[in-house]
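First comes the structure, then the notes that go with it.
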Amino acid sequence: MKNIQKNIRRMMILYIGLFCTLILFFVKFMLWDRFDLISNPYNPRLRALNENVVRGEIRDRKGKILAKNKKEGEEWVREYPFGASFVHVLGYESKIKTGIEAQKHFELMSSREPWYMKLKHLILQEPFQGNHINLTLDADLQQKANQLIKGKKGAIIVMEPSTGKILSMVSYPNFNPNDLEQNWEKLNEDTKNSPLLNRATQGLYPPGSIFKLVTATAIMERQGWEDFYYNCKGEAFFNQTRLRCYGGKAHGEVNLQKALTVSCNTAFAEIGILAGGVELKQTAEKLFFNTPIPGEIIHNVSQFVVDEHSSKEEIAETSMGQGKTLVSPFHMALMVSTIGNQGILMKPYMVDSIENSLGKIKDKTVPSQVATIIPPEIAKELGKMMVEVVEVGSGKNARIKSVSVAGKTGTAENEKEEPHAWFIGFAPAENPQVSIAVVIENGGVGGQVAAPIAKELIKDILER
Amino acid sequence: MLEIYIFYSKYLFLWLLLVFLFLSFSGLYEQKQGNFNVAKKKMYRQRWVIVGIHLNAFMILSIDKGNLLINWTSVYIGIGMLVFLCLGWIIFDIRFNKEDGFLWNCVFLLLVLSIILLQRLSPSLAQRQLVWIYISFTLSIFISHLFGAFSYLKKGSTIYLIIGWILLILPFFLGEKRYGANNWVEIGKISFQPSEIVKMVMIFYLASVFHTKKSIKQLVYPTAMIAGYVCILVLQRDLGGAFIYFMTFLSLLYISIGKEVIFLGGVGLASVASIFAYRIFPHVQVRVEAWLNPWKNIDSRGYQIAQSLFALGSWGWMGSGLTKGYAGYVPAVTTDFIFAALCEEFGSLFGIGVIIVFILMLVLSTQIIIETKDTFHALIGAGCISIFSFQSFLILGGVLKMIPLTGVTLPFVSYGGSSMFINMFMFKFIQWIGIEKELSGESRGKEVEEHSKKHT
């Protein structure tokens, strides 16, 4: 009987343990996990909030108001003081919610005010004030980027490599969210320009030569890459498929550094074959191809299809940035930030903090590392090569006096006549404060179209 | 005004629950110190707290939000429950003057929460639940007079076994499908879940087998029989039931034999069996998928668990306030998912407090059965506790998305007649074990022990 008593007690302790794990799990859910899911459109509580909360403001990093509620007669109307400049990032509140407005809907519509403020609202029968959201975006930079891309189609992303903060995110063509109601149908029918699409995160483009950075990373993980030499004749054959350097130009004897600087296609086709399909795939997937990037920013995943079964010509084409690879500008901005940040990918973010109506910060995002996805020595070496690209190579148009810019251009062939123009880069090369990705749809040669835009924006930030 | 009252009453509810818990713990401490009178006073004070929660909630529920008129059906339900509380306490004080008052206060608190939530979510169910509470309570009191006879049925293992088989197989003939499980029986207008009743039968069976010492060989037969029960439940798609049966078997086996190896082996075996079940049965795969990623199929398989998490997570620690939530969107919120509604409207802190009430019930009932000298009784008590605890854990874990969902009820809180009756019965039995020990004294205990020794 004594034994039985002892055993019963032990059973009790086991069950108490189970209940305690429940409590711990619940607390963890309440403290962290719940915030990621409650803004889901399937949550019926979201609709209910509208009635008794004034939606909070959205502000840029300096406190400039990007979105606020304004009373028009009896009704509250959402107003966007910067008009079209921020439309893709912020999204809109009427119609279908998108962007920050959708993602942070719950925070904007709930009130973290102290109890006495709530009591005041209840007694005066006035609505609660929703929380305000402070973004990492810079309104001046955003407007400048909008000016530079005006009239073209494409996207620009500016980031801070060491933190993962997004300073600017522009997609063009855009539209004015303040008169969305009137123009909704027109915007939806415009399939030629698709202004509703956020090209920066949702657009997928062939990368062109900027993909050579991935190929280079793959080969540099091998010993002895410094000894690589290739004699470029302007074209080369891979299983009867003819690949050409841009304009059929023969670059002569090149090593990896030179090949990257002049953006030699045939050399990189050869490098890719040397590295092999498996290794290319490994490197690409480590760099978040075919894999969603951690963090809150919703994006389309970049696609990379080469593997161990791929044919020689497929590998060759892919290595120089053509083939079936598709990338989002957002992903490319992160990739180049990682190179600038010694191979460490920082979790990208846009929401810097959440504060209540009294200005008290309630939730602050702390920069966090995702992982070291490029070995630091390779990242450093790549950075040096990219400086050469801008100093003497295809990226000359991004050169700035007194600051060394690291970059890579891309000119991506596609079914249409004009190629997509790419530029990705960071500056200052030694200690990057800013990284950038620019893509102009059917814009032409990357070095001529995208690089000057990047230069203007980098200058704009560094001079401030 | 009503708005303000509802908004701040959530703090009042939480405070009352904290007082309840404080009184329980301090009362237990006094009991341990031997200050029975002080402990008793605390127990009486706890009753006021329960009444406080009840009255406050029904005050809110009885006022129609739209036109501020009084909703009389709600008032009647409130009064009906209040009468039950008073009657219950009077009966206990007159008939069973014991220290298990704390345990019953916990039960009554859960019943009060059940009626409040059901009245809030579905008033017609609240009415029926109130009827179930009255019937279950009265029946369990009557049956408790017969409990004495059970002591003479220690040898009835085969009878229990057969009753169990018959009841469990019934749904195959008179079955009715509910919530995807095939474990309901409908005879005329009455429908019930045989697996609920077999829980009790199984405990008696196991206790009658285990109360004498057994060699490993002698354990093969009962193990096979319980495995059979479990298999039937799996076939009826009642996975929660299957787990509860198995855990209860394992707990009782461990208690009577005391070998950790067997217990851990059993848990290992269950894990292997679960993996097999996952591979073989599509309905198990559906459950596991919905658990791993409810967001993928949020409009179909994942809907229920996603809605539950919205209810739990949307309002923060303090909840929305009574009548202010949207728990109606959670499927099966009156039965399996009632804890989601509770956390939504009373707040997550209150929900955690309720989990602590479950822990308290576990500890209090264990204390009672541990004092008995009769192995048979101790095993039955342990079986009841095991079922109560594991079932609560399964459904709470499922609602919180900690473990895959298995549709079982939350004891005393979920709507359901069979479940209410069996839980009331189990706690009545635990109470009876405590009284029995007191009445017959140690001499009878010795006699029983000798009796069982003779058997081996």
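Since the model is a prediction, treat every value here as computed from it, not as a measurement. FYI, side chains are in, hydrogens and waters are out, and symmetry mates aren't considered; it's all heavy atoms of this structure. Within every chain, numbering begins at 1; the chains are lettered A, B, ... in the order of the sequence lines, protein sequences first and strands thereafter.
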- Item | Which portion of B:Tyr326 sits near chain A, non-hydrogen atoms under 4.5 angstrom | both
- Against chain B, label A:Phe29 side chain, backbone, both or neither, depending on which of its atoms sit under 4.5 Å from a heavy atom there. side chain
- Could you grab the distance from atom CG of B:Leu264 to atom CG of B:Leu250, nearest 0.5 Å is fine? 9.0 Å
- So, the part of A:Tyr15 with a heavy atom under 4.5 Å from chain B: the answer is both
- Item | chain A contacts, top residue of B:Tyr303, B:Phe7, B:Phe263 (heavy-atom pairs, under 4.5 Å) | B:Phe7
- Task: Check whether B:Phe390 gets within reach of chain A through its side chain, its backbone, both or neither, counting any heavy atom under 4.5 Å.
- Result: both
- Message: I'd like to verify something: which residue of B:Ile4, B:Leu396, B:Val363 has the highest number of heavy-atom pairs under 4.5 Å with chain A?
- Response: B:Ile4
- Do you know which of B:Ser256, B:Ala311, B:Gly397, B:Gly258 has the most heavy-atom pairs with chain A at a distance under 4.5 angstrom? B:Ala311
- Message: Applying side-chain contact (heavy atoms from CB on, under 4.5 Å) to A:Leu135 and A:Leu90, what does each step give before you reach the verdict?
- Response: CA-CA 10 Å; A:Leu135 300 181; A:Leu90 298 185; 3.6 Å; yes
- Message: When you measure from the centre of the six-membered ring of A:Phe288, is the NZ or CZ of A:Lys286 closer than 6.0 Å and no more than 45° off the axis?
- Response: no
- Task: Considering only NZ, NE, NH1 and NH2 on the basic side and carboxylate oxygens on the acidic side, decide whether A:Glu101 and A:Arg78 come within less than 4.0 Å.
- Result: yes
- Bottom line for A:Arg9: the part with an atom under 4.5 Å from chain B's heavy atoms is both
- Message: If I measure from the heavy atoms of chain A, does B:Trp295 come under 4.5 Å with its side chain, its backbone, both, or neither?
- Response: side chain
- If one checks every heavy atom of B:Ser320 against chain A at 4.5 Å, the contacting part turns out to be neither
- Note on the structure: Turns out that what part of A:Ile13 lies under 4.5 Å from chain B's heavy atoms comes down to neither
- A:Arg112 bridged to A:Asp363 by N-O distance under 4.0 Å: yes
- Task: Could you tell me whether B:Phe358 and B:Phe388 have their ring centroids closer than 6.0 angstrom?
- Result: yes
- Item | Nearest-0.5 Å distance that lies between atom OG1 in B:Thr366 and atom CD1 in B:Ile430 | 8.0 Å
- Query: Taking atom OG of A:Ser302 and atom CG of A:Leu334, what is their separation to the nearest 0.5 Å?
  - Reply: 9.5 Å
- Message: Out of B:Trp317, B:Phe393, B:Phe310, B:Tyr254, return the one with the most heavy atom pairs under 4.5 angstrom to chain A.
- Response: B:Phe310
- Tell me, side chain or backbone of B:Leu312 under 4.5 Å from chain A's heavy atoms, or both, or neither? both
- Message: Does either side chain, that of A:Ser328 or that of A:His299, offer a donor lying less than 3.5 Å from an acceptor on the other one?
- Response: no
- Item | Closest-packed option against chain A by number of heavy-atom pairs under 4.5 Å, given B:Ile385, B:Ile359, B:Ile403 | B:Ile359
- Item | Spacing of CG belonging to B:Leu379 relative to OG1 belonging to B:Thr375, to within rounding of 0.5 Å | 6.5 Å
- Query: Measuring from A:Leu196:CG to A:Gln202:CD, what's the distance to the nearest 0.5 Å?
  - Reply: 12.0 Å
- Measure distances from B:Glu344 to the heavy atoms of chain A and classify the residue's part below 4.5 Å as side chain, backbone, both or neither. side chain
- Interface moiety of B:Ala382 toward chain A, non-hydrogen atoms closer than 4.5 Å: both
- Item | CD1 on B:Ile255 to OG on B:Ser386, rounded to 0.5 Å | 7.0 Å
- Per-residue tally against chain B (heavy atom, under 4.5 Å) across A:Leu18, A:Asp33, A:Val27 peaks at A:Leu18
- Task: Could you tell me which of B:Ile298, B:Leu349, B:Ile356, B:Ile257 has the largest number of non-hydrogen atom pairs under 4.5 Å with chain A?
- Result: B:Ile298
- Of all of A:Leu37, A:Ile23, A:Ile123, A:Leu14, which one pairs up most often with chain B through heavy atoms under 4.5 Å apart? A:Leu37
- Message: Taking side chain as everything from C-beta outward and backbone as N, CA, C, O, which of these in A:Thr21 sits under 4.5 Å from a heavy atom of chain B? Side chain, backbone, both or neither.
- Response: both
